[in-house]
Trainee: 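If you scroll down you'll find the structure; I have some questions about it.
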Amino acid sequence: MTEQLPTAAAYDAVAVRYAEFARNEFDALVLDRALLAAFAELVRTNGAGPVAELGCGPGRVTAHLRDLGLDVFGVDVSPVMIDLAREAYRDLRFEVGSMEALDLADDALHGVVSWYSVIHAAPQDVPAYFAEFRRVLAPGGHLLLAFFESEGGPVTAFDHQVTTAYRWPIDDLADLARAAGFAEVGRMLREPREGERHRRGHLLLRGAAEQR
């Protein structure tokens, strides 16, 4: 978990303000909610097993997935974020952990949501994250990624308000996911809303049905 320590410290420092800012985030995000609803329906159709939100922050996406009928828990590298999530959503399970080395058995999950949680990973480290997501997903399980999209440019670092993050070409991220054993189900690009700087990218993926 050493590589994620700077990110954890950065989010620890702003956790309370971040949680307040994000509290009602989904109220105006019609397309984002629709994509999460589609993910939830696919998971339920595939057997409704456990789902993890990896990089859950203060837990609002985890709670939203719970409201969509999923058996979901959250994992985050920031202990302060996890404390806030546990306080806000006492009926849900939240754990401190690293996305690069999850304390989960192979094939343990039916779904994984990575909602802007790989954005701080150095580009060369992203394949290892995808490999870990694939390891913990049961065959046929679904992965939903949300990220900042590069709008025709290459992978580019930018000054995220918490710590350095990266914008990705959606095709490049899809190619890395494919190399890790995922098949693309669908994608969505959303233009920046007022107050947002960058286009948002989303990939809905399915793990290969055959056993690894």
Side-chain angles (χ1 to χ4, degrees), residues 1-23 25-26 32 36 39-40 42-44 46-122 125-139 141-147 160 162-163 165 177 180 182 205 207:
M1 212 159 89
T2 304
E3 295 176 4
Q4 289 197 13
L5 288 177
T7 299
Y11 274 95
D12 280 349
V14 300
V16 174
R17 281 181 291 146
Y18 183 96
E20 183 60 33
F21 172 79
R23 189 180 309 280
E25 180 184 37
F26 282 132
D32 302 55
L36 286 163
F39 168 82
L42 287 169
V43 172
R44 292 195 305 268
N46 196 39
V51 172
E53 192 207 348
L54 303 179
C56 65
R60 85 276 188 201
V61 176
T62 311
H64 186 76
L65 293 167
R66 181 271 317 279
D67 294 343
L68 291 171
L70 297 184
D71 174 16
V72 60
F73 65 97
V75 178
D76 200 278
V77 73
S78 163
V80 179
M81 285 290 193
I82 290 297
D83 287 344
L84 291 172
R86 288 169 174 166
E87 178 66 24
Y89 308 105
R90 294 177 179 270
D91 60 321
L92 289 172
R93 168 184 157 205
F94 294 98
E95 300 176 355
V96 177
S98 169
M99 295 186 298
E100 62 189 354
L102 294 162
D103 188 18
L104 292 167
D106 293 358
D107 303 336
L109 302 174
H110 283 211
V112 166
V113 173
S114 172
W115 200 256
Y116 300 98
S117 61
V118 297
I119 62 170
H120 301 297
D125 295 334
V126 171
Y129 284 86
F130 283 0
E132 184 69 348
F133 297 169
R134 184 66 193 92
R135 180 187 71 79
V136 299
L137 263 179
H142 287 83
L143 167 65
L144 176 59
L145 297 170
F147 54 96
H160 186 275
V162 179
T163 188
F182 290 98
L205 306 147

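All values reported here derive from a predicted model rather than from experimental measurement.
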Trainee: Compare every heavy atom of A121 with every heavy atom of Y129, then report the nearest pair and how far apart it is.
Mentor: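 Minimum heavy-atom separation between Y129 and A121: CE1-CB, 3.8 Å.
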Trainee: Rounded to the nearest 0.5 Å, what's the gap from CG on L54 to CZ on F73? Could you check?
Mentor: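 It is 7.5 Å, given to the nearest 0.5 Å.
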Trainee: I need the minimum non-hydrogen distance between P50 and A108, along with the two atoms involved.
Mentor: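 So the minimum-distance heavy-atom pair works out to CG-O, 3.3 Å.
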Trainee: What distance do M81 atom CE and D76 atom CG have between them, rounded to the nearest 0.5 Å?
Mentor: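 It is 6.5 Å, given to the nearest 0.5 Å.
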Trainee: For F39 and G111, which heavy atoms make the closest approach, and how far apart are they?
Mentor: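 Where F39 meets G111 most closely, the heavy atoms are CZ-CA, 4.0 Å.
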Trainee: For T62, check side-chain contact (heavy atoms from CB on, under 4.5 Å) against everything at least two apart and list the hits.
Mentor: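 Residues passing side-chain contact (heavy atoms from CB on, under 4.5 Å) with T62: E53, C56, V72, L92, F94.
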Trainee: On a heavy-atom basis, which atom in A180 and which in A131 lie closest, and how many Å separate them?
Mentor: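 For A180 versus A131, the nearest heavy atoms are CB-N, 4.2 Å.
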Trainee: Do R135 and L102 have side-chain heavy atoms sitting under 4.5 Å apart?
Mentor: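 Yes, their side chains come closer than 4.5 Å.
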Trainee: Rounded to the nearest 0.5 Å, what's the gap from NE2 on H64 to CG on L70? Could you check?
Mentor: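 Rounded to the nearest 0.5 Å, the NE2-CG separation comes to 9.5 Å.
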Trainee: How many angstroms lie between CH2 in W115 and CG in L145, if you round to the nearest 0.5 Å?
Mentor: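 Rounded to the nearest 0.5 Å, the CH2-CG separation comes to 10.0 Å.
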Trainee: To check you understand the geometry: which heavy-atom pair defines the closest contact between G69 and R44, and what is its length?
Mentor: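 Result for this residue pair: O-CD, 4.3 Å.
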Trainee: Looking at D103, I'd like to know if its CG atom is crowded, meaning that more than 12 non-hydrogen atoms belonging to other residues, nucleotides or ligands lie closer than 6.0 Å.
Mentor: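 Count not over threshold, so no.
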Trainee: Could you walk me through whether F133 and L205 satisfy the side-chain contact (heavy atoms from CB on, under 4.5 Å) test, starting with their C-alpha distance in whole Å, then the side-chain angles of each, then the deciding distance to 0.1 Å, before giving a yes or no?
Mentor: CA-CA 11 Å; F133 297 169; L205 306 147; over 6 Å; no
Trainee: For the CD1 atom of I82 and the CZ atom of R93, what is their distance to the nearest 0.5 Å?
Mentor: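 If I round to the nearest 0.5 Å, the distance is 11.0 Å.
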Trainee: Which atom pair, heavy atoms only, marks the closest approach of E132 to M99?
Mentor: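 Answer, listing the atom of E132 first, then M99: CG-O, 3.2 Å.
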Trainee: Would you compute the distance between atom CG of L137 and atom NE2 of H110 and round it to the nearest 0.5 angstrom?
Mentor: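 One gets 9.5 Å once the value is rounded to the nearest 0.5 Å.
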